[in-house]
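Atoms within each ligand, like the ligands themselves, are counted from 1 in listed order.
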Amino acid sequence: MFCKGNLRGRRIQDVLHGLKHKNVSLLQLRNISVVSKPSIPKRSRTILKSSSLLTGGSVLAIILSLSALDFSGGEIPVKEVMSHNKINDCWIVLNGEVYDVSSFIKKHPGGAGRLLEVAGKDATTKFLQVHSPEVLNKMKSHLLYIGKLKGSFEYTTSEEESKIKEMRSKIPPLERIFSLSDFEVVAKQVLPKSTFAFYATGSSDEFTLRENHYAYSGVFFRPRILQDIDPTEVDCSTTLLGTKVDAPFYISGFAGSKLAHPFGERNLQTAAYDANVMEMVPKQNSYSPEEFYSTVPDDQSQWMQYHFSTPEEILHFRDIVKEAQSRSSVKGIFFNVDLADIGNREKDSRRRAVDVSNTSELNAIVTNRMGHHPKFSWSDVETIVSNTDLPVALKGVQRGEDVVLAAKKGVKAVVLSNHGGRQLDFSRPPLEVLVEAGEMLKEQNLENNIELYLDGGIRRGSDIVKALCLGAKGVGLGRPFLYAMAGYGEEGVEHLITILKEEIKNNMRLLGVSKIEELNESFVDYSNLKFRTPRANDALYDAAYVPLSFPEFR
Ligand code: HEM
Ligand SMILES: Cc1cc2nc3c(=O)[nH]c(=O)nc-3n(C[C@H](O)[C@H](O)[C@H](O)COP(=O)(O)O)c2cc1C
């Protein structure tokens with residue numbers, strides 16, 4: 001356990017101490033594996049034979065797998081692995097072990113395309129950028145173990161990697177980063193196209209993605225003058241679900257931090273701690289819970305984000321709640337309620353189609369964008385609420401009626417969110433839902449029973465102040481933190497937090513307010529929110545936004 005005095009010890013950071021800070025390149029670190037070897041029992045040759053039958057392979061496939069029986073001592077040469085590179089015959093290497101993932105590929109919750117990208121290759125680096133080592137252990141029963149890899153893959157630097165290296169060497173200094181959009185523009189140049197597409201994508205035509213942000217341009221301020229406020233005493237600290245923090249915003253929970261930077265979620269955790277800002281720790285953390293929490297100080301403020309991936313996880317919800325309760329830093333648990341299916345993230349799929357570049361496999365990418373999630377209902381929520389003292393919150397609520405229902409069922413907070421426009425396109429901007437929810441709660445005298453949070457499209461301190469005026473207790477941000485990390489690691493995250501804190505305080509001074517609690521509806525004109533009209537352009541945001549593209553002609 002660590003306390004403030006100890007300051008954030010980090011196991012991986014210790015190993016890589018010399019490399020920390022100042023734009024550590026992903027390329028430089030690509031070969032560093034932080035995973036301990038999973039102990040996977042070797043399967044017999046009989047299983048290997050049945051693997052090709054299981055995957056519905058042709059006679060040719062059976063002959064191929066029979067030829068694999070010749071490998072002495074279960075060792076599989078690189079060349080052999082490379083030949084299993086198709087959707088119906090797909091082997092991948094993880095930590096020097098070869099797996100047949102042919103029967104899993106179409107069930108992969110991250111989409112078939114991600115496994116096709118690494119078909120017949122060493123998938124270790126890409127796997128660990130998104131998954132904790134535990135995922136492999138949990139999913140073992142879905143894969144077929146083939147044997148140990150013999151030899152190693154030849155590594156050649158791609159054109160894209162060389163370009164990224166060059167751009168990283170020319171990256172603007174942090175002092176030149178003034179806004180959150182600046183981070184996004186830099187990230188676009190220093191991330192692989194596939195990673196940027198994964199982060200940036202919304203769903204379908206991305207109306208919700210864009211409107212999330214533009215909703216804020218429909219709200220204008222009504223400042224109060226001559227308030228006799230000492231500018232140095234303007235304070236943006238607040239209380240989120242009973243926890244005192246130094247800012248009314250939090251780092252939202254999201255997958256894929258290590259795709260941005262080798263230290264991934266650790267950058268967020270340490271920067272949040274130093275700035276005393278709330279952090280929502282994602283379920284899909286690339287660190288295992290043991291490793292991640294082993295260096296989290298006891299006095300850090302965190303929320304735990306969780307989504308149920310299987311019906312078994314719902315059945316065993318007590319284990320999840322117990323784990324959350326056992327971490328002294330965790331002050332609340334947020335369950336996703338916006339994942340009944342996975343949105344059609346077209347920008348991401350389109351990029352993957354280019355990367356896989358095998359037209360016969362495209363169908364799998366399109367029909368299996370992502371896997372499905374299990375049934376999760378109000379009665380499950382009631383059961384969870386009645387089985388823990390930890391505040392339970394719902395992330396992904398999208399209408400006032402559901403906020404009222406949540407309040408009646410003892411849920412302590414909701415995040416009005418459409419997953420950053422990644423789920424249902426044309427779901428309304430959370431800022432609009434905030435106004436609706438506030439009114440409905442008041443009608444039923446429930447406004448003091450539940451805290452309202454929202455996320456999606458927040459890019460300025462003024463966005464945050466507007467949301468607080470309209471009744472939000474706090475707001476979350478997702479992509480901006482990924483973009484900040486991509487260019488600048490932990491320092492980028494710190495800088496982002498500073499920018500937002502300063503923007504909020506600046507807005508408060510100009511509004512004639514010195515404390516967050518003083519913000520209320522009287523400081524904004526939000527009449528526009530009732531009428532969805534074309535918004536004024538936001539030059540920085542628009543310039544950073546990548547429009548959807550069309551297929552290229554041959
Ligand atoms: C045998 C290898 C793999 C297994 C067993 C596996 C397993 C899983 C599981 C269980 C999930 C769902 C997690 C959840 O919803 O809680 C998932 C999601 C995902 N996986 Fe994998 N995976 C594998 C390989 C990979 C590889 C190689 C990549 C990247 C190239 C990848 C990228 C992803 C992504 C991006 C998601 C969805 C993240 C999100 O948007 O929420 N996976 N995978
Ligand atoms: C790359 C990426 C991965 C995400 N993964 C998750 C996740 O695993 N769980 C979750 O609750 N939300 C996830 N989110 C949604 C964020 O928590 C948040 O709701 C959203 O990013 C807010 O919108 P913004 O990016 O415009 O700030 C993800 C978002 C992005 C961009």
Side-chain angles (χ1 to χ4, degrees), residues 90-94 97 99-101 104-105 107-119 121-132 134-144 180 184 194-202 208-210 212-213 249-260 280-286 303 305-310 313 334-339 342-343 345 348 352 355 369-374 394-396 415-423 429-430 453-459 463 475-483 541:
C90 178
W91 289 9
I92 63 168
V93 177
L94 291 168
E97 314 275 355
Y99 298 90
D100 181 341
V101 295
F104 174 65
I105 195 163
K107 295 185 218 143
H108 176 224
R114 294 224 155 71
L115 286 173
L116 273 172
E117 264 169 23
V118 289
K121 296 184 188 154
D122 191 333
T124 313
T125 306
K126 289 202 164 172
F127 178 84
L128 291 175
Q129 282 174 335
V130 184
H131 296 301
S132 94
E134 277 185 347
V135 171
L136 181 57
N137 279 334
K138 272 199 199 154
M139 303 297 290
K140 261 191 312 197
S141 59
H142 295 266
L143 318 174
L144 275 168
L180 275 53
E184 185 169 348
S194 59
T195 301
F196 190 79
F198 171 54
Y199 291 168
T201 193
T208 291
L209 173 87
R210 294 189 298 276
N212 278 352
H213 176 70
F249 59 88
Y250 61 87
I251 303 175
S252 195
F254 38 76
S257 288
K258 269 198 194 145
L259 291 166
M280 187 187 279
V281 181
K283 175 193 183 195
Q284 221 175 311
N285 193 333
S286 65
W303 291 331
Q305 174 268 322
Y306 201 87
H307 55 265
F308 293 106
S309 310
T310 61
E313 283 183 348
F334 285 62
F335 290 95
N336 280 82
V337 289
D338 54 2
L339 289 171
I342 302 291
R345 300 171 188 177
D348 191 30
R352 208 113 26 78
D355 290 343
R369 292 177 195 103
M370 297 262 179
H372 293 275
H373 284 250
L394 303 181
K395 178 174 184 281
V415 183
L416 306 171
S417 167
N418 46 50
H419 222 92
R422 294 163 84 78
Q423 290 293 88
Y453 295 86
L454 75 166
D455 73 21
I458 292 157
R459 301 295 181 263
D463 298 342
V475 307
L477 288 88
R479 295 179 187 85
F481 285 103
L482 288 163
Y483 297 143
Y541 188 81

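Contacts between R422 and ligand 2, counted as non-hydrogen atom pairs separated by less than 4.0 Å, involve the side chain only. Of all the heavy atoms of Q129, none lies under 4.0 Å from any atom of ligand 1, so neither backbone nor side chain is involved. Residue contacts with ligand 1 for L143 involve side-chain atoms from C-beta outward but no N, CA, C or O (heavy atoms, distance under 4.0 Å). The proximity of K395 to ligand 2, defined as any non-hydrogen pair under 4.0 Å, is limited to the side chain. With a 4.0 Å cut-off on non-hydrogen atoms, K138 does not touch ligand 1 at all. Residue R114 touches ligand 1 through backbone and side chain together, judged by heavy-atom distances below 4.0 Å. Contacts between R479 and ligand 2, counted as non-hydrogen atom pairs separated by less than 4.0 Å, involve both the backbone and the side chain. Looking at P282 against ligand 2, nothing comes within 4.0 Å, counting heavy atoms. Heavy atoms of R345 found under 4.0 angstrom from ligand 2: none, in either backbone or side chain.
Distances from ligand 2 to the non-hydrogen atoms of N212 include no value under 4.0 Å. Heavy-atom separations between F198 and ligand 1 include at least one value shorter than 4.0 Å.
Ring geometry, Y453 versus W303: the interplanar angle exceeds 60°, so the pair is classed perpendicular (tilted spans 30 to 60°).
The shortest N or O to N or O distance between G478 and ligand 2 is under 3.5 Å. Note: an N/O pair closer than 3.5 Å links H131 and ligand 1 by distance alone. Ligand 1 has a nitrogen or oxygen under 3.5 angstrom from a nitrogen or oxygen of H307. Between H108 and ligand 1, an N or O atom pair is found at a separation short of 3.5 Å.
Of the listed options R459, K283, H419, H419 places a heavy atom closest to atom 14 (N) of ligand 2. Selection from F198, F254, Y199 by nearest heavy atom to atom 28 (C) of ligand 2 gives F254.
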